[in-house]
Number of protein chains: 2
Amino acid sequence: MTPITIYDIAKEANVSVSTVSRVLNDTAPVRASTREKVMAIIEKHQFQPNALARSLIKKETGTIAIILPDITNPFFPEVFWGAENEARDKGYTFFLCNTGGDHSRESEYLTILREKRVDGIIFLGGRINLQHCPEEMAQELIEAGKHLPIVLVNGNIAKSGLHRIYTDEAAGAVLATQHLLDLGHREIAFVGGLKEMATTMVKVKAIQKMLKEHGLEIPKERLLLGDFSIDSGKEQMARLLEQQNPPTAVICVNDYTAIGAIKATIEHGLSIPGDISIVGYDDTPLASAVIPELTTVSQNTYQLGKLAVDVLHDLIGGGKTKKQTALQPELIVRQSTGPARR
Amino acid sequence: MTPITIYDIAKEANVSVSTVSRVLNDTAPVRASTREKVMAIIEKHQFQPNALARSLIKKETGTIAIILPDITNPFFPEVFWGAENEARDKGYTFFLCNTGGDHSRESEYLTILREKRVDGIIFLGGRINLQHCPEEMAQELIEAGKHLPIVLVNGNIAKSGLHRIYTDEAAGAVLATQHLLDLGHREIAFVGGLKEMATTMVKVKAIQKMLKEHGLEIPKERLLLGDFSIDSGKEQMARLLEQQNPPTAVICVNDYTAIGAIKATIEHGLSIPGDISIVGYDDTPLASAVIPELTTVSQNTYQLGKLAVDVLHDLIGGGKTKKQTALQPELIVRQSTGPARR
DNA sequence: CTGAAAGCGCTAACAT
DNA sequence: ATGTTAGCGCTTTCAG
């Protein structure tokens, strides 16, 4: 059980440690016969070189990390999947750091990961998605970025110089709005999302702007924020339906809230899309699981993760890459939207 | 940008490296004044000790890993969440290794993780959930288990001596069956799941056994396996409904297939639970998101993850722990089940 | 093609 | 209370 080292192998093979190292890494020519001899002994003992020792010298660990708010929200596993797949191909192993949306935990992880000498970090959501990220938190990331590659996904730190990948959420909101307009909807509401988060307000603003161009608007009483949960969507939608003059369509901040909205609507005895059209956002697996299937905006989640790793990898390799990479969202029309009732 | 070391700190503070190490780890008394002096310099340079070097000596990395099939299946993030939460409290960081159900990738990760000297591994699903795990694969795990702590979650390798945590799936299936029996159902079907997986067959057998005690059975034509996806559930359910004499209730291998079953049922113009009752398994967030809300069996997912880490932690600490820990499943009655139509 | 030796950055005796 | 020194297990010159 005493962990076997390269020295043990060397001794047993009557060669020097450097020779063993060479066959291990194929870093210099070794005579075929000695190579085989060494290999045999390695096999025999199931020898596993200690990656820590190697990393200590080579100054690279083959490890990257992703810091994200909530892996139980189906949006994130999807991104992770894209990222991990790409990372494995490139020889990295992934630390997954779940913060629960707690910014202080983000800070803790930032420290730990630097100590563990990860080769790079993907920072997804959290503080970088705040409407106003406190200077101190921003500084922390910028500081970290000086010591190791970081790529921000779906968020930003103004003039941090940090690389980022994101989907154009304003464009996505416009897509959804246009879709509803085309269906003849004029009475549109917005439901869900924390007002402190950019992901919420970017959409709201984009929708407002577009509506304005058509002489329309979302009045205050039809702009009901909350958080990103199913319950929140349900709650806000219920409030909407109790109003004198309910909207004919509602855009939700994400699929979770949209599902909540669907539930509230059905409980009120209304039909979708007969009475009310509902649009989600993210195109998580939930969207097609629910009945009626949800019309939603796809963020190209898998691609988001994949690209983040690509950029990070370039950065780690010391290469130059585009600072900004924007992905275009796509409207996925399913069953939850239809012509406006009139 | 040249990474600063404990030596740099020592020199600047006019002390030895051991003193710096001592203030860093609080491993021996240091005069208050020198401690402050050293601390100041550490702060000033934002010095982060190199965890690789430390781990090399201490033979522990503060890192554990979880190997699982598919993080995009909502069951797994839930387990991960429980595990990660507990792990962070205990000072561990988590590698997440997603195998996509590919057993060779499981092997690859096993090797990589051992090289990286993780303190322990949680192995969730995959080969350990096979009805007949090939000897070679089993051996690989057993071998790994000799070198580092491993805990198996929801699966097993016969007489491997490996520790494991699991929910009693047979008991869960019995719960579901009893529930349907109580509601007066006699014509019961089973849908979904790969027949190679224990998670499927354990349930099937438990249900058959129980039905037999009541003079009932699931005839061959009502036992429609497939895989674990929504589509599969939908497909099998459709086949069921085309039969001469459709069942009045169906138990699905998991929530995903149950949702597929719901969709197929509704598309056939039948009502749930009016015409047909449907039971899922896992109680993923999906279960309460769907309409009608799904009656399902909870595996206590969060707890599963938490306990896995607890046991792993004990193992790492060299302590003795129970080899087997079984969690009792719980029936969650929602809206998708009701009295048998007659 | 192969060996000897000097580290990588840190901890842990062992001295003082 | 603090310094000196020998490793941890590996890679990498530098010689041969």
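The sequence lines fix the lettering, A, B, ..., with proteins before strands; numbering per chain opens at 1.
Ile316(A) and Asp119(A) make their closest contact through CG1-O, 3.3 Å (heavy atoms, listed as atom of the first residue, atom of the second, distance).
Taking only distance into account, the side chain of Arg117(B) never meets the base of dG9(D) through a donor-acceptor pair shorter than 3.5 Å. You'll find a donor-acceptor pair under 3.5 Å spanning the side chain of Ser18(B) and the base of dT4(D), going by distance alone.
Ile57(B) places its CD1 atom 6 Å from the P atom of dT11(C), with the value rounded to the nearest Å. Spacing between atom CD of Glu115(A) and atom P of dC10(C) amounts to 10 Å, rounded to whole angstrom units. Taking atom CD1 of residue Ile42(B) and atom P of nucleotide dG9(C), one finds them 16 Å apart after rounding to whole Å. Following rounding to the nearest Å, Leu24(A) (CG) and dG9(D) (P) show an atom-to-atom distance of 15 Å. Atom-to-atom, CG of Leu56(B) to C1' of dC8(C) comes out at 9 Å; the value is rounded to the nearest Å. Between the CD1 atom of Ile4(A) and the P atom of dC8(D) there is a distance of 15 Å, rounded to whole Å. Separating the CG atom of Asn25(B) from the C1' atom of dC10(C) is a distance of 9 Å, rounded to the nearest angstrom. The separation between Glu60(A) atom CD and dG9(C) atom P is 14 Å, rounded to whole Å.
The phosphate of dT11(D) (OP1 or OP2) has a side-chain N or O of Ser21(A) nearer than 4.0 angstrom. For the pair Lys59(B) and dT11(C), the criterion of a side-chain N or O lying under 4.0 Å from OP1 or OP2 is not met.
Of all nucleotides listed (dG9(D), dA1(D), dT13(D)), dT13(D) comes nearest to the side chain of Arg22(A). Side-chain atoms of Pro3(A) lie closest to dG9(D) of the nucleotides dT4(D), dG9(D), dC10(C). Among dT11(D), dA1(D), dG9(D), the nucleotide with an atom closest to any side-chain atom of Arg31(B) is dA1(D). Relative to the side chain of Pro49(B), the nucleotides dT2(C), dC10(D), dC10(C) differ in distance, and dC10(C) lies closest.
No more than 12 heavy-atom neighbours from other residues, nucleotides or ligands sit within 6.0 angstrom of CE on Met39(B). Within a 6.0 Å radius of NZ in Lys11(B), no more than 12 heavy atoms belonging to other residues, nucleotides or ligands are found.
In this model, a donor atom of one side chain and an acceptor atom of the other lie less than 3.5 Å apart for Glu12(B) and His45(B).
Using a 4.0 Å heavy-atom cutoff across all strands shown, Thr34(A) reaches sugar-phosphate atoms only and no base atom. Nucleic acid contact for Val15(A): sugar-phosphate only, since backbone atoms but no base atoms lie under 4.0 Å from a heavy atom of the residue. Residue contacts for Thr19(B): at a heavy-atom cut-off of 4.0 Å it reaches the sugar-phosphate backbone alone, with no base atom in range. Residue-level contact check: Asn14(A) touches the backbone only, with heavy atoms under 4.0 Å from sugar-phosphate atoms and none from bases.
Ser55(A) places a side-chain N or O within donor-acceptor distance of the main-chain N or O of Ala51(A), the cut-off being under 3.5 Å. Judged purely by atom type and a 3.5 angstrom limit, Asn85(A) has no side-chain atom pairing as donor or acceptor with the backbone of Lys306(A).
Taking 4.0 Å as the cut-off between side-chain N and carboxylate O, Glu143(A) and Lys146(A) count as a salt-bridged pair.
Mapping Tyr7(A) and Ser16(B) onto DNA chain D by nearest heavy atom places Ser16(B) at the nucleotide closer to the 5' end. Along DNA chain C, the nucleotide nearest to Ala51(B) and the one nearest to Pro29(A) differ in position, and the one closer to the 5' end is contacted by Pro29(A).
One end of the helix from dC1(C)-dG16(D) to dT16(C)-dA1(D) points its axis 40° away from the other end's axis, with each axis taken from 5 pairs and the angle rounded to 10°.
Phe94(A) and Phe80(A) have their aromatic ring centers within a separation under 6.0 angstrom.
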